[in-house]
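All remarks here apply to the structure that follows.
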Amino acid sequence: MNKKLENLFKGDKVIWMIFFILCLVSIVEVFSASSFLTYKGDSYWFPIIKHTFFIFVGICAMICVLNVPCKYFKIVTFPLLVVSVIMLVGVIIFGESTNGASRWMGIAGIQFQPSEIAKGALVLAVAQILSAMQTEKGADRQAFWWVLGTSSVIVLPIFFENFSTSVLISAVVFFMMFIARVPLSQLGKLLGVVILGGVIAVSSIMAFGKTASEPPEGNAAKVEYVADAAKGQAGNAKEKKGGLLHRFDTWKSRIMKFTSSEDIAPDEYDLDKDAQVAHANIAIVKSQGIGCGPGNSEERDFISQAFSDFIFAIIIEELGLWGATLVAGLYVIIFWRAGHIARNCANTFPAYLAMGIGMLLVIQAMFNMLVAVGLAPVTGQPLPLVSKGGTSTIINCVYIGMLLSISKSAKKRQPTQKAPV
């Protein structure tokens, strides 16, 4: 029996344990946070049954991936890149627009975000480039340009429709280049260009964006959102697409809300205009540090995406600061284990891939948590492996499967051999 379990749970046991804990947290908290969906859909059990089904499918996909030797991941890199670029361009032209952004597309009745697949494809490609162009003194100077060119075909199509995801991917790629010892002079110049571009972009957004056009976040918007979610869609009612820079209005509104230092009296606060952020803050305060217990959240009924973008606020309300700290700590441990796996690899490709996947999961989790506690503008990033999702849940499970595959099948370095990272 023990031997059968060992054959099933291959790879890093700590990651397996963390994965199952996050899955349990996800099932409990999504069940609690989906109360409004159950009300509107006239089905008490359907939302959580559907979410649990996707977790089960994700576990099956994860087991399949972990049984593939990591050296074969290189084979799928180029096809995945090509498919990702085609889908990213396709979603801009034919995708469904929610909250003013074209992020979703459907194939055979299944809706998904192409950016979820593109993230993994880019991490694979960057790991392969950095590995192939590695020298004794670090990455070859040409590796920087190859990575930059490959990243641009993925990041640029995402940028105008999903700014936060483009920032997330860019940050992961930058840190991967740093770990692979790309010359600091090149990274410094890139960082300078990015900062300058950011200043120009923010100035353009503030100059040309209109603050009055961001979709409302109040109860009316929530009802519309839930009605569409019950039909299998992933956002508010479909909207007519604008021009290439149509997201400027939303971005400006979010920047102004986040940077505003104006003190507003509680009786003057507009809960309909800033419902998500306001009720997330109320949820945190209601926890009183110890939490009200699983299933006892009240603010879940007032946050339109309590089961997705703001699920960490519900976790704080129900599990308290200790529960939230535990969940955050699990992601830190995933990153630590990814680093441990990378250090034990004799070859650079699996090492860079492990670090890339670890950073991809942890940075996205950090984005979500910072938004939930009001330390970052609203970005729309779900909490990996916890938030309610379909294809995103499955793809995050695949990422975990890749980490487990590397820990199981990558050639281990000898004690006297220098670590690849």
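Values reported hereafter were calculated over all heavy atoms of this structure, with side chains retained and with hydrogens, waters and symmetry mates removed.
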Sub-3.5 Å donor-acceptor pair from the side chain of Arg300 to the main-chain atoms of Gly295, do we have one? yes

Any donor and acceptor pair, going by atom type alone, linking the side chain of Ser151 with main-chain N or O of Leu148 inside 3.5 Å? no

Please examine the side chains of Val30 and Ile311, heavy atoms only from C-beta on, and report whether any two atoms are closer than 4.5 Å. yes

Within this structure, what is the CZ-CD1 distance for the pair Phe312 and Ile284, rounded to the nearest 0.5 Å? 8.0 Å

So OG1 of Thr52 and CD1 of Ile27: to nearest 0.5 Å the spacing works out to 4.5 Å

Walk me through whether Ile394 and Phe56 qualify under side chain to side chain contact (heavy atoms under 4.5 Å, CB included). CA-CA 9 Å; Ile394 297 172; Phe56 175 76; over 6 Å; no

So Leu124 and Met402, do their side chains get closer than 4.5 Å, heavy atoms only? yes

Can the ring centroids of Phe159 and Phe163 be said to lie less than 6.0 angstrom from one another? yes

Between SG of Cys64 and CD1 of Ile59, what distance do you get to the nearest 0.5 Å? 12.0 Å

Would Glu318 and Ser32 count as a side chain to side chain donor-acceptor pair (under 3.5 Å) here? Give the steps. CA-CA 9 Å; Glu318 295 190 346; Ser32 174; 2.4 Å; yes

Tell me whether Lys286 contacts the main-chain N or O of Ser297 through its side chain, where contact means a donor paired with an acceptor under 3.5 Å. no

Keeping to residues at least two apart or across chains, list the side-chain hydrogen bond (donor to acceptor under 3.5 Å, both in side chains) pairs with something in residues 354-367. Lys119-Gln364

Is Leu404 close to Lys10 at the side-chain level, that is, under 4.5 Å between some pair of heavy atoms? no

Measuring from atom CG of Leu168 to atom CD1 of Ile363, what distance do you get when rounded to the nearest 0.5 angstrom? 6.5 Å

Residues, nucleotides or ligands: over 12 heavy atoms within 6.0 Å of Lys408 NZ: yes

Among residues two or more places apart or on two chains, list those pairs meeting salt bridge (charged side-chain N to carboxylate O under 4.0 Å, His left out) that have a residue in residues 327-338. Asp12-Arg337

If I compare all heavy atoms of Pro157 with all of Ser152, which pair ends up nearest, and what's the gap? CD-O, 3.8 Å

Any chance you could measure Ile400, atom CD1, to Leu385, atom CG, to the nearest 0.5 Å? 5.0 Å

Pairwise side-chain contact, Tyr399 with Ile395, heavy-atom cut-off 4.5 Å (strictly under): yes

Counting only heavy atoms not in Phe53, do more than 12 fall under 6.0 Å of its CZ? no

Cys345 vs Lys411, side chain to side chain contact (heavy atoms under 4.5 Å, CB included): CA-CA, chis, key distance, verdict: CA-CA 6 Å; Cys345 292; Lys411 183 180 177 181; over 6 Å; no

Nearest 0.5 Å, please: how far is CG in Leu383 from CG in Asp309? 10.5 Å

Which heavy-atom pair separates Ala127 from Leu353 by the least distance, and what is that distance? CB-N, 3.8 Å

For Phe349, is the NZ or CZ atom of Lys71 found under 6.0 angstrom from the centre of its six-membered ring and inside 45 degrees of the ring axis? no

Ala354 and Ile406: which non-hydrogen atoms are nearest, and at how many Å? N-CD1, 3.8 Å

Leu130 vs Val182, test: side chain to side chain contact (heavy atoms under 4.5 Å, CB included). Steps then yes/no. CA-CA 8 Å; Leu130 294 173; Val182 169; 3.9 Å; yes

Please name all residues satisfying side-chain hydrogen bond (donor to acceptor under 3.5 Å, both in side chains) with Thr165, sequence neighbours left out, ordered by chain then number. Asn162, Gln381

Is any side-chain heavy atom of Tyr352 closer than 4.5 Å to a side-chain heavy atom of Met177? no

May I ask you to test the Ile290-Leu321 pair for a side-chain heavy-atom distance under 4.5 Å? no

Could you check whether any side-chain heavy atom of Val126 comes within less than 4.5 Å of a side-chain heavy atom of Thr150, counting everything from C-beta outward? no

Over 12 non-hydrogen atoms of neighbours within 6.0 angstrom of CZ in Phe175: no

Extract all donor-acceptor atom pairs below 3.5 Å that involve side chains of residues 326-336 and protein atoms in other chains or at least two apart in sequence.
{"unit_1": "Tyr331", "atom_1": "OH", "unit_2": "Pro384", "atom_2": "O", "d": "2.4"}

Exercise: do Ser392 and Gln113 side chains pair donor with acceptor under 3.5 Å: no

Given 3.5 Å as the limit, does a donor-acceptor pair link the side chain of Trp146 with the main chain of Ile129, or not? no

Applying side-chain hydrogen bond (donor to acceptor under 3.5 Å, both in side chains), name anything that partners Thr77, two or more places apart in sequence or on another chain. Gln128

For Ser26 and Leu22, indicate whether the former's side chain and the latter's backbone hold a donor-acceptor pair under 3.5 Å. no

What do the steps show when you test Met176 against Met355 for side chain to side chain contact (heavy atoms under 4.5 Å, CB included), and what is the final call? CA-CA 7 Å; Met176 288 180 71; Met355 290 304 298; 5.7 Å; no

Looking only at heavy atoms, the pair that brings Ala324 and Ile316 closest together is CB-CG1, 3.6 Å

To check you understand the geometry: which heavy-atom pair defines the closest contact between Ala283 and Glu317, and what is its length? O-CB, 3.3 Å

Run the side chain to side chain contact (heavy atoms under 4.5 Å, CB included) test against Ser409 and tell me which residues pass, sequence neighbours left out. Pro69, Cys70, Ser405

Where Val65 and Gly401 come nearest, the two heavy atoms and their spacing: CG1-C, 3.7 Å

Is there a side-chain contact between Leu190 and Phe144 in this structure, where contact means two heavy atoms from C-beta onward sitting under 4.5 Å apart? yes

